[in-house]
S.K.: 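First, the structure itself, so that you have it in front of you.
Along the sequence shown, the residues carry numbers beginning at 1.
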Amino acid sequence: MCVGLMLLMVSAPAMAQQGPSRGLSIEEALRLATGTSEQITVASAGVSRARGQQLQAKSQYFPQLNGSVNYSRALASEFADIFGSGSSDTTSTAPGDTTSGGGIDFSELPFGRKNTYTFGLALSQNIFTGGRVQAQNRVAGASRRTAEITLAAARAQVTLDVAQAYYDAALADRLFGIAQLALEQADRTLAQAKLSKQVGNQSEFELLRAQVTRDNQVPVVIQQRSTRDLALLRLKQLLDLPADDPITLTSELLGETLAPLAGFAPASSVASSAVDSMSRAPVRQAAEGITMQEASLDIAQSQRYPSIALTSQYARVNYPSNIVPQFNDLRTNWSMGLSLQVPIFTGGRIK
């Protein structure tokens, strides 16, 4: 009865997987892994972030142009009555006219105006920054290269993990098949021993030995089946596949050599490149880290030098008597200049 129960346990997985199974090759497994791996997704986001930081650093080489629209409402002004009280000729003053007796029209000036509209453009261009902009670009470039190395390492690690899990599952499936064949051979040997015992050609000891050999093969089949199921479950986890979906591995473990995986160099190239330790991803990342630290030191040292920038302000202003702007009566303000900033005393911040 125990032997029958063990045979039922062996045949149960086969009965449960009678449904249509999905064929899965090593190439498809690698494609699925690169599309669903969280490690690759995080590393790709790091590359995008590093590219954005590099664009921010490069933007400091170019002019910065900003537009603005401002509106202000004067609730009280010190110029409210200063011109009306001193006017010597009030007979010709129309309501709302702010022209003084001297003939100066103050209605076009901002003094005491209730509504002010400003439409402006501001331009700035770095001329000399003491090497700060160049150092920031070196930091951003090294950060981007580090992120790209991290992404390449993540892809290689995922490829290695999936390939190892795939071939482990294929090997476990092959060993399970071998164990099943051994069990079938033991069954045939046991049947022949029973027949020989009945006709008197074999002793009962030979029959007992065939029975023990066959019974000892059943746990081996169960163990190999469990190993195969665990290997397939590990592969499904890496590929983000449902654990209940049956799959069939189509890439066989036949032939003297296996086809090279995408993303991996031949063995001879790997052996030759392994001699050069600088080609390893951790070493390259450490080298880029040194570049970033040296550039950060240059950024700190650049604060000791003066900075020069070209600035320009262009504005169109209007002072309407009501809240609606008068676009046919806009006045122009335009200025250009150089801005020089020199650190004199910073309380020890730069040091």
S.K.: Output yes when Glu288 and Arg138 qualify as a salt bridge under the 4.0 Å nitrogen-oxygen rule, no when they do not.
M.R.: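 Result for this pair is no, no salt bridge flagged.
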S.K.: Looking at side-chain heavy atoms only, is the closest gap between Leu24 and Leu32 below 4.5 Å?
M.R.: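 They are in side-chain contact.
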S.K.: Spell out, as yes or no, whether a donor-acceptor pair under 3.5 Å connects the side chain of Lys236 to the backbone of Ala243.
M.R.: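 Indeed, once roles are kept as given, a pair shorter than 3.5 Å links the two residues.
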S.K.: For Glu27 and Ser251: C-alpha separation, side-chain torsions, deciding distance, then whether side chain to side chain contact (heavy atoms under 4.5 Å, CB included) applies.
M.R.: CA-CA 9 Å; Glu27 292 80 11; Ser251 296; 4.3 Å; yes
S.K.: Is any side-chain heavy atom of Glu28 less than 4.5 Å from a side-chain heavy atom of Thr250?
M.R.: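 No, too far: nothing below the 4.5 Å cut-off.
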S.K.: Give the intermediate values and the outcome of side chain to side chain contact (heavy atoms under 4.5 Å, CB included) for residues Arg22 and Leu241.
M.R.: CA-CA 11 Å; Arg22 172 182 179 178; Leu241 295 177; 3.5 Å; yes
S.K.: Would a distance-only check, ignoring hydrogens and angles, find a side-chain to backbone donor-acceptor pair under 3.5 Å from Ser196 to Asn201?
M.R.: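 No, the answer is negative, given that no donor and acceptor are paired below the 3.5 Å cut-off.
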S.K.: Trp334 and Leu338: same hydrophobic cluster, using ILVMFWY side-chain contacts below 4.5 Å?
M.R.: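 Cluster IDs for Trp334 and Leu338 match.
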S.K.: State yes or no: do Val139 and Val133 share one hydrophobic cluster built from I, L, V, M, F, W and Y residues joined by side-chain heavy-atom distances below 4.5 Å, directly or via other members?
M.R.: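 Different clusters.
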S.K.: Just do the side chain to side chain contact (heavy atoms under 4.5 Å, CB included) check on Ile299 and Gln136 with the steps written out, would you?
M.R.: CA-CA 7 Å; Ile299 294 175; Gln136 289 177 345; 3.5 Å; yes
S.K.: Taking all atoms of both residues into account, what is the closest heavy-atom pair of Ser44 and Leu151, and its distance?
M.R.: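 Reported closest heavy-atom pair: OG-CD1, 3.4 Å.
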S.K.: If we count only N and O atoms by modelled type, under 3.5 Å, do the side chains of Gln60 and Arg132 hold a donor and an acceptor together?
M.R.: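 A pair is found: one side chain offers a donor N or O, the other an acceptor, under 3.5 Å apart.
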S.K.: Flag the pair Asn126 / Ser307 as yes when at least one side-chain heavy-atom distance between them is below 4.5 Å, and no otherwise.
M.R.: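 No. Closest side-chain heavy atoms not under 4.5 Å.
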S.K.: About how many Å separate NZ of Lys58 and CG of Leu55, when rounded to the nearest 0.5 Å?
M.R.: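 It is 7.0 Å, given to the nearest 0.5 Å.
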S.K.: Would you say CZ of Arg316 has more than 12 non-hydrogen atoms from neighbouring residues, nucleotides or ligands within 6.0 angstrom?
M.R.: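 Yes, CZ of Arg316 has more than 12 neighbouring heavy atoms, counting only those of other groups under 6.0 Å.
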S.K.: So which residues get pulled into Leu330's cluster when ILVMFWY side chains under 4.5 Å apart are joined, directly or through others?
M.R.: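 Its cluster partners, ordered by chain and number, are Val69, Tyr71, Tyr117, Phe119, Ile323, Val324, Phe327.
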S.K.: Could you tell me whether the side chain of Asn216 and the main chain of Val212 form a donor-acceptor pair under 3.5 Å?
M.R.: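 Such a contact is found between Asn216 side chain and Val212 backbone.
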S.K.: In Å, rounded to the nearest 0.5 Å, how long is the span from CD of Gln224 to CD of Gln217?
M.R.: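 It is 9.0 Å, given to the nearest 0.5 Å.
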S.K.: Is Leu230 isolated, or which residues cluster with it under the ILVMFWY side-chain rule of less than 4.5 Å, directly or via members?
M.R.: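 Cluster partners of Leu230: none, it stands alone.
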S.K.: Distance from Ile247 atom CD1 to Leu235 atom CG, nearest 0.5 Å?
M.R.: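 If we round to the nearest 0.5 Å, Ile247:CD1 and Leu235:CG are 5.0 Å apart.
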S.K.: Strictly distance-based, threshold 3.5 Å: is any side-chain N or O of Ser124 a donor or acceptor partner for the main-chain N or O of Leu65?
M.R.: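 Side chain of Ser124 to backbone of Leu65, a donor-acceptor pair under 3.5 Å: no, none is there.
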S.K.: Apply side chain to side chain contact (heavy atoms under 4.5 Å, CB included) to residues Ser321 and Lys114 and explain how you reach the verdict.
M.R.: CA-CA 7 Å; Ser321 57; Lys114 292 184 178 180; over 6 Å; no
S.K.: If we check side chain to side chain contact (heavy atoms under 4.5 Å, CB included) with Leu232, which of these qualifies: Leu249, Thr227, Asp173?
M.R.: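 Of the listed options, the one satisfying the test is Leu249.
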S.K.: Heavy atoms, side chains only, cut-off 4.5 Å: are Asn137 and Tyr61 in contact?
M.R.: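 Sidechains of Tyr61 and Asn137: in contact.
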S.K.: Just how far is it from atom CD of Glu148 to atom CD of Gln285, taken to the nearest 0.5 Å?
M.R.: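 Between atom CD of Glu148 and atom CD of Gln285 there are 12.0 Å.
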S.K.: Report yes or no: does Asn115 contribute a side-chain atom to a donor-acceptor pair with the main-chain N or O of Tyr319 at less than 3.5 Å?
M.R.: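 Side chain of Asn115 to backbone of Tyr319: no pair is present.
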S.K.: Under a 4.5 Å cut-off applied to non-hydrogen side-chain atoms, are Gln211 and Asp215 in contact?
M.R.: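 Heavy-atom side-chain distance check passes, below 4.5 Å.
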S.K.: More than 12 heavy atoms of other residues, nucleotides or ligands under 6.0 Å from CD of Gln237: yes or no?
M.R.: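 Correct, the count exceeds 12.
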S.K.: Between Arg214 and Asp187, does any side-chain N to carboxylate O distance fall below 4.0 Å?
M.R.: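 Looking at Asp187 together with Arg214, the answer is yes, because their closest N to O distance falls below 4.0 Å.
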S.K.: If Ile, Leu, Val, Met, Phe, Trp and Tyr residues are connected whenever their side-chain heavy atoms lie under 4.5 Å apart, and connections chain through other members, are Ile149 and Ile40 in the same group?
M.R.: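 Ile149 and Ile40: separate clusters.
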S.K.: May I ask you to check whether over 12 heavy atoms, not counting those of Asp244, lie within 6.0 Å of atom CG?
M.R.: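 Not more than 12 within 6.0 Å, no.
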S.K.: How many angstroms lie between OG1 in Thr189 and CD in Glu184, if you round to the nearest 0.5 Å?
M.R.: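 It is 11.5 Å, given to the nearest 0.5 Å.
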S.K.: Might you confirm whether atom CD of Gln341 has over 12 heavy atoms from other residues, nucleotides or ligands at distances under 6.0 Å?
M.R.: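 12 or below, so no.
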S.K.: Does atom CD (Gln326) have a neighbourhood of more than 12 heavy atoms from anything else shown, all under 6.0 Å?
M.R.: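 Count over threshold, so yes.
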S.K.: Which heavy atom in Tyr166 sits nearest to a heavy atom in Ala29, and how many Å separate them?
M.R.: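 Nearest heavy atoms, Tyr166 then Ala29: CD1-CB, 4.2 Å.
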S.K.: Between Ser59 (side chain only) and Gln56 (backbone N and O only), is there a donor and an acceptor less than 3.5 Å apart?
M.R.: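 Confirmed, Ser59 side chain pairs with Gln56 backbone.
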S.K.: Return the minimal non-hydrogen interatomic distance between Gly337 and Leu310, and the atom names on each side.
M.R.: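 Heavy atoms of Gly337 and Leu310 come nearest at O-CD1, 3.4 Å.
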S.K.: Heavy atoms, side chains only, cut-off 4.5 Å: are Lys194 and Leu207 in contact?
M.R.: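 In contact.
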S.K.: Counting distance only, does the side-chain N/O of Asn318 pair as donor-acceptor with the main-chain N or O of Asp329 below 3.5 Å?
M.R.: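 Side chain of Asn318 to backbone of Asp329, a donor-acceptor pair under 3.5 Å: yes, one is there.
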S.K.: Is it true that Ile178 and Tyr167 fall in one hydrophobic cluster, defined by side-chain heavy atoms closer than 4.5 Å?
M.R.: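 Cluster IDs for Ile178 and Tyr167 match.
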S.K.: Any side-chain heavy-atom pair from Asn333 and Gln313 closer than 4.5 angstrom?
M.R.: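 When only atoms from C-beta onward are counted, Gln313 and Asn333 do not touch, as no gap falls below 4.5 Å.
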S.K.: Going by heavy atoms in the side chains, are Val317 and Thr116 under 4.5 Å from each other?
M.R.: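 They are not in contact (no side-chain heavy atoms under 4.5 Å apart), so the answer is no.
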S.K.: Is a side-chain N or O of Thr248 found less than 3.5 angstrom from the main chain of Gly23, in a donor-acceptor match?
M.R.: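 Flag not set: sc Thr248 to bb Gly23 has no pair under 3.5 Å.
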S.K.: Quick check for you: to the nearest 0.5 Å, what is the distance between Leu190 atom CG and Leu195 atom CG?
M.R.: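 One gets 11.5 Å once the value is rounded to the nearest 0.5 Å.
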S.K.: Can any side-chain N or O of Lys197 pair as donor or acceptor with the backbone N or O of Glu206 at less than 3.5 Å?
M.R.: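 Side chain of Lys197 to backbone of Glu206: no pair is present.
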S.K.: Give the C-alpha distance, both sets of side-chain angles, the deciding distance and a yes or no for side-chain hydrogen bond (donor to acceptor under 3.5 Å, both in side chains) between Gln53 and Arg144.
M.R.: CA-CA 8 Å; Gln53 293 174 350; Arg144 176 177 177 176; over 6 Å; no
S.K.: What heavy-atom pair brings Thr118 and Ala315 nearest, and what distance separates the two atoms?
M.R.: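 Nearest heavy atoms, Thr118 then Ala315: CG2-CB, 4.0 Å.
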S.K.: Under 3.5 Å, side chain of Gln39 to main-chain N/O of Gln157, donor-acceptor pair present?
M.R.: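 Between the backbone of Gln157 and the side chain of Gln39 there is no qualifying donor-acceptor contact (under 3.5 Å).
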S.K.: Side-chain heavy atoms nearer than 4.5 Å, only ILVMFWY residues, links allowed to pass through others: does that put Val342 and Phe128 together?
M.R.: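 In one cluster with Val342: Phe128, yes.
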S.K.: Considering all heavy atoms of both residues, which atom of Asn70 and which atom of Ser68 are nearest to each other, and what is their separation?
M.R.: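 Heavy atoms of Asn70 and Ser68 come nearest at ND2-OG, 4.1 Å.
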S.K.: Ser37 and Thr41: which non-hydrogen atoms are nearest, and at how many Å?
M.R.: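 That closest heavy-atom pairing would be O-OG1, 2.9 Å.
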